[in-house]
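What follows is a short report on a single structure.
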Amino acid sequence: MTLANNVVVLDFETTGLSPDMGDRAIEIGAVKLVDGQVVDSFQALINPGQRVNSFIEQYTGISNQMLKDAPRSNVVMGQFTEFIAGFNLVAHNASFDKKFLDAEFSANKLSYSGQFACSLLLSRRISQEAPNHKLGTLIQHHQLANDGVFHRALADATMTANLWLHQVSLLQQRLPTQQITLDIINKISRLPKAKIANFFQTIK
DNA sequence: TGCCAGGCCCTCTTTAGGGCCTT
């Protein structure tokens, strides 16, 4: 059983939306949570071996000049393997970050054993009052700390970690006698919305 | 050659379409 406040929260910046279409990671950021406290962080630019288009340069603030002398994926992912060893993983829209993590790990013959959880799927279940479920909107909606930096990997991972811990505390309030585990969160994240209220009644 | 993401989720659904999220 893994408690939900012992995880690594990660975020990728990439050249585009799809590794299957040749897109690559250009930055990874992550924070390690132990007992709900940030105990370590990871940030690295990654030279993707291809030019980044102007949209991505503008969107992330990461320029081709910045990536020119950055380490390659094999170096960064090797270090990141050690960073996440023994931890489960959280990301906002985790399916996106998981497919890039899997692609970069596969390209470098690396592997990991942690399971993923998704703050976006959870938000759609437990924060249905939010105007939408974009990371920036949810940070504002829940009045969570941020440094005003968006679309950089460590800043987004840190904001996602703040959101995640807030979500865990919301769940703990609704389920005061339950230990909030990753398994419970992943179960909630897959429930049809119509069954959410009933779930909280029966499990409490 | 020319095309180009994809998983989740809702609904005017399941013989489908379209919005939401991520870069």
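Just so we're on the same page: letters track the sequence lines, and every chain starts at 1.
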Nucleotide dT23(B), atom P - distance to CZ of F150(A) in whole Å: 12 Å
Measure from the side-chain N and O atoms of Q167(A) to the backbone N and O of I185(A), and report whether any donor-acceptor pair falls under 3.5 Å. no
Donor-acceptor side-chain pairing of D23(A) and S18(A) below 3.5 angstrom: no
Please identify each residue that fulfils ring pair (Phe, Tyr, Trp, His ring centres under 6.0 Å) with H166(A), with sequence neighbours left out. H142(A)
Ring pair (Phe, Tyr, Trp, His ring centres under 6.0 Å) involving F96(A) - partner list, sequence neighbours excluded: F100(A)
Does anything in residues 60-81 of chain A reach DNA chain B, meaning a heavy atom under 4.0 Å, and if so which residues? T60(A)
Qualifying residues under ring pair (Phe, Tyr, Trp, His ring centres under 6.0 Å), relative to F116(A), sequence neighbours excluded: none
Rounded off to whole Å, could you give me the CG-to-C1' distance for the D23(A) and dA5(B) pair? 9 Å
Give me the distance, rounded to whole Å, that separates dC12(B) from dC8(B) when you measure between the P atoms they each carry. 23 Å
Contacts satisfying ring pair (Phe, Tyr, Trp, His ring centres under 6.0 Å) that involve residues 40-75 of chain A (not counting sequence neighbours) are F42(A)-F80(A), F42(A)-F83(A), F55(A)-Y59(A), Y59(A)-H151(A)
Nucleotide dA5(B), atom C1' - distance to CZ of F12(A) in whole Å: 17 Å
Contacts of R124(A) that satisfy salt bridge (Lys or Arg N to Asp or Glu O under 4.0 Å) - sequence neighbours left out: none
Once you apply a heavy-atom cut-off of 4.0 Å, does D11(A) come out as touching a base, just sugar-phosphate, or nothing? sugar-phosphate
How would you list all residue pairs meeting salt bridge (charged side-chain N to carboxylate O under 4.0 Å, His left out) that involve residues 92-101 of chain A, not counting sequence neighbours? K98(A)-D102(A)
Measure CG/L122(A) against P/dT22(B) and give the value in whole Å, please. 15 Å
Relative to the 5' end of DNA chain B, which residue comes earlier, M21(A) or G136(A), by the nucleotide with the nearest heavy atom? M21(A)
Contacts satisfying side chain to side chain donor-acceptor pair (under 3.5 Å) that involve residues 154-165 of chain A (not counting sequence neighbours) are none
Of all of residues 89-106 of chain A, which get a heavy atom below 4.0 angstrom from DNA chain B, listed by number? H92(A), N93(A), F96(A), K99(A)
Residue S18(A), side-chain heavy atoms: nucleotide from dT23(B), dA5(B), dC8(B) that is nearest: dA5(B)
Nearest-angstrom distance, C1' atom, dT14(B) to dC10(B): 13 Å
Which part of the nucleic acid, if any, lies within reach of D156(A) when heavy atoms closer than 4.0 Å are counted: base, sugar-phosphate only, or nothing? sugar-phosphate
Indicate yes or no: at least one non-hydrogen side-chain atom of V8(A) is less than 4.5 angstrom from one of L33(A). no
When rounded to the nearest Å, what value does the distance between P atoms of dG7(B) and dC3(B) take? 23 Å
Atom CD1 of I56(A) to atom P of dA5(B): distance rounded to whole Å? 14 Å
Value in whole Å for how far the C1' atom of dC21(B) lies from CG of L121(A): 10 Å
Euclidean distance, atom NZ of residue K134(A) to atom C1' of dC21(B) [Å, nearest integer]: 9 Å
Here the side chain to side chain donor-acceptor pair (under 3.5 Å) pairs for residues 64-88 of chain A, sequence neighbours left out, are T2(A)-N88(A), E57(A)-N64(A), S73(A)-E104(A), S73(A)-N108(A)
For L163(A) and dT22(B), give me the distance from atom CG to atom P, rounded to whole Å. 11 Å
With rounding to the closest Å, how many angstrom separate the P atoms on dG18(B) and dC4(B)? 16 Å
Between T14(A) (side chain only) and G16(A) (backbone N and O only), is there a donor and an acceptor less than 3.5 Å apart? yes
dC21(B) and dG2(B), which share atom name P, separated by this distance in whole Å: 36 Å
Apply side chain to side chain donor-acceptor pair (under 3.5 Å) to D20(A) and list each qualifying residue two or more places apart in sequence or on a separate chain. none
Can you check the distance between dC20(B) and dT1(B), where both ends of the measurement are the C1' atom (answer in whole Å)? 33 Å
Just to be sure I understand the geometry, which residues of residues 187-201 of chain A put a non-hydrogen atom under 4.0 Å away from DNA chain B? S189(A), K193(A)
